[in-house]
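Note sheet for the following structure.
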Amino acid sequence: QVQLVESGGGLVQAGGSLRLSCTASGIIFSRYHMGWFRRAPGKERVFVGAIKWTGDATTFGDSVKGRFTISRDNAQNTVYLQMDGLKPEDTAVYYCAALGRRYSVGNFDRGNAYDYWGQGTQVTVSS
């Protein structure tokens with residue numbers, strides 16, 4: 001059974017930082033690119049960023065470029081989303097997802113291409 005479990009969400013003031021973690025089980029983690037998406041109340045799911053299975057390439061949505069970074073530890077089956085300079089508009093439920101490595105970097109923002117999803121973790125940024 002495949003599971004992606006996010007953790008690290010919470011309440012933070014604007015300008016603060018959080019680090020989200022997502023630990024996978026039931027898959028061969030190194031065979032997947034890993035992505036992060038978010039959904040704010042009443043809005044559609046949005047691509048946040050993703051990291052290649054090798055860990056040597058990342059891509060981000062325009063709204064978080066320069067503020068968020070992604071890393072992964074294949075030995076621990078875990079991907080991280082470091083969020084700095086948080087803004088109230090970053091408030092959302094954050095989801096990690098696994099994308100088969102047959103896809104190229106150009107497909108990282110295609111939510112429908114992802115094979116597995118976590119349940120999400122709430123991030124709330126107060127002004």
Side-chain angles (χ1 to χ4, degrees):
Q1 181 182 359
V2 177
Q3 281 193 310
L4 302 179
V5 180
E6 301 96 338
S7 61
L11 174 65
V12 64
Q13 288 188 330
S17 299
L18 280 176
R19 188 176 82 154
L20 305 184
S21 300
C22 170
T23 300
S25 60
I27 60 172
I28 300 175
F29 187 69
S30 61
R31 292 184 180 178
Y32 290 86
H33 311 304
M34 295 300 296
W36 288 94
F37 292 77
R38 68 188 184 188
R39 188 190 298 271
K43 297 189 177 181
E44 294 186 352
R45 183 181 63 199
V46 173
F47 173 70
V48 174
I51 186 167
K52 190 176 177 181
W53 68 276
T54 53
D56 61 356
T58 55
T59 184
F60 294 91
D62 289 342
S63 63
V64 306
K65 282 180 182 176
R67 300 188 296 123
F68 290 11
T69 57
I70 296 176
S71 60
R72 65 188 294 160
D73 183 342
N74 284 353
Q76 298 296 323
N77 288 359
T78 300
V79 61
Y80 303 97
L81 177 66
Q82 177 66 42
M83 305 184 293
D84 299 318
L86 283 161
K87 304 175 181 181
E89 52 263 44
D90 293 318
T91 295
V93 177
Y94 284 71
Y95 301 89
C96 71
L99 175 69
R101 67 183 188 186
R102 63 191 180 279
Y103 288 98
S104 65
V105 173
N107 292 282
F108 281 6
D109 60 349
R110 292 177 52 203
N112 291 340
Y114 284 72
D115 296 309
Y116 304 107
W117 291 81
Q119 292 300 305
T121 186
Q122 176 71 46
V123 171
T124 302
V125 184
S126 63
S127 57

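- Hydrophobic clustering, with ILVMFWY side chains joined whenever heavy atoms are under 4.5 angstrom apart, groups Phe47 together with Trp117.
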**Request:** Take Asp90 and Met83 through the side chain to side chain contact (heavy atoms under 4.5 Å, CB included) test and state the conclusion after the steps.
**Result:** CA-CA 9 Å; Asp90 293 318; Met83 305 184 293; over 6 Å; no
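- When all heavy atoms are compared, the tightest approach of Asn74 to Ser30 is ND2-CB, 3.8 Å.
- Between atom CZ of residue Arg101 and atom CD1 of residue Ile28 there is a gap of 8.5 Å, rounded to the nearest 0.5 Å.
- Val12 and Val48 fall within a single hydrophobic cluster, where Ile, Leu, Val, Met, Phe, Trp and Tyr side chains are chained together by heavy-atom contacts under 4.5 Å.
- Residue pairs meeting the side-chain hydrogen bond (donor to acceptor under 3.5 Å, both in side chains) criterion with at least one member in residues 3-18, sequence neighbours excluded, are Ser17-Asp84.
- Ile70 and Tyr32 fall within the same hydrophobic cluster, where Ile, Leu, Val, Met, Phe, Trp and Tyr residues are linked whenever their side-chain heavy atoms come under 4.5 Å apart, directly or through other members.
- When all heavy atoms of Pro88 and Ala14 are compared, the pair lying nearest together is CD-CB, 4.1 Å.
- Of all the heavy atoms in Arg38 and Ala92, the pair that sits closest is CB-CB, 3.8 Å.
- From Leu99, atom CG reaches atom CH2 of Trp53 across 13.5 Å, with rounding to the nearest 0.5 Å.
- Nearest heavy-atom pair across Phe29 and Ala24 is CD1-CB, 3.7 Å.
- The neighbour count for Gln119 CD, taken as heavy atoms of other residues, nucleotides or ligands under 6.0 Å away, does not exceed 12.
- Each of Tyr114 and Val79 belongs to its own hydrophobic cluster when Ile, Leu, Val, Met, Phe, Trp and Tyr are linked at side-chain heavy-atom distances under 4.5 angstrom.
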**Prompt:** Yes or no on ring pair (Phe, Tyr, Trp, His ring centres under 6.0 Å) for His33 and Phe108, after CA distance, side-chain angles and deciding distance?
**Reply:** CA-CA 8 Å; His33 311 304; Phe108 281 6; 4.7 Å; yes
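- Across Ile27 and Ala98, no two heavy atoms sit closer than the pair CD1-CB, 4.3 Å.
- Gly100 and Asp115 get closest at one heavy-atom pair: N-OD2, 3.3 Å.
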**Message:** For Cys22 and Trp36: C-alpha separation, side-chain torsions, deciding distance, then whether side chain to side chain contact (heavy atoms under 4.5 Å, CB included) applies.
**Reply:** CA-CA 9 Å; Cys22 170; Trp36 288 94; 3.7 Å; yes
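- Note that CG of Asp56 is 10.0 Å distant from CZ of Arg72, once rounded to the nearest 0.5 Å.
- The OG1 atom of Thr59 lies 11.0 Å from the CG atom of Asn107; values are rounded to the nearest 0.5 Å.
- With hydrogens and angles disregarded, no donor-acceptor distance shorter than 3.5 Å links the side chain of Asn77 to the backbone of Gly26.
- Between atom NZ of residue Lys52 and atom OG1 of residue Thr58 there is a gap of 11.5 Å, rounded to the nearest 0.5 Å.
- One hydrophobic cluster, built from ILVMFWY side chains closer than 4.5 Å, cannot hold both Leu20 and Tyr95; they sit in different ones.
- Taking CZ from Phe60 and CG from Leu81, the interatomic distance works out to 7.5 Å, rounded to the nearest 0.5 Å.
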**Message:** Assess the residue pair Thr124 and Thr91 against the criterion (side-chain hydrogen bond (donor to acceptor under 3.5 Å, both in side chains)); give the C-alpha distance rounded to whole Å, side-chain angles, the decisive distance to 0.1 Å, and a yes or no.
**Reply:** CA-CA 5 Å; Thr124 302; Thr91 295; 5.2 Å; no
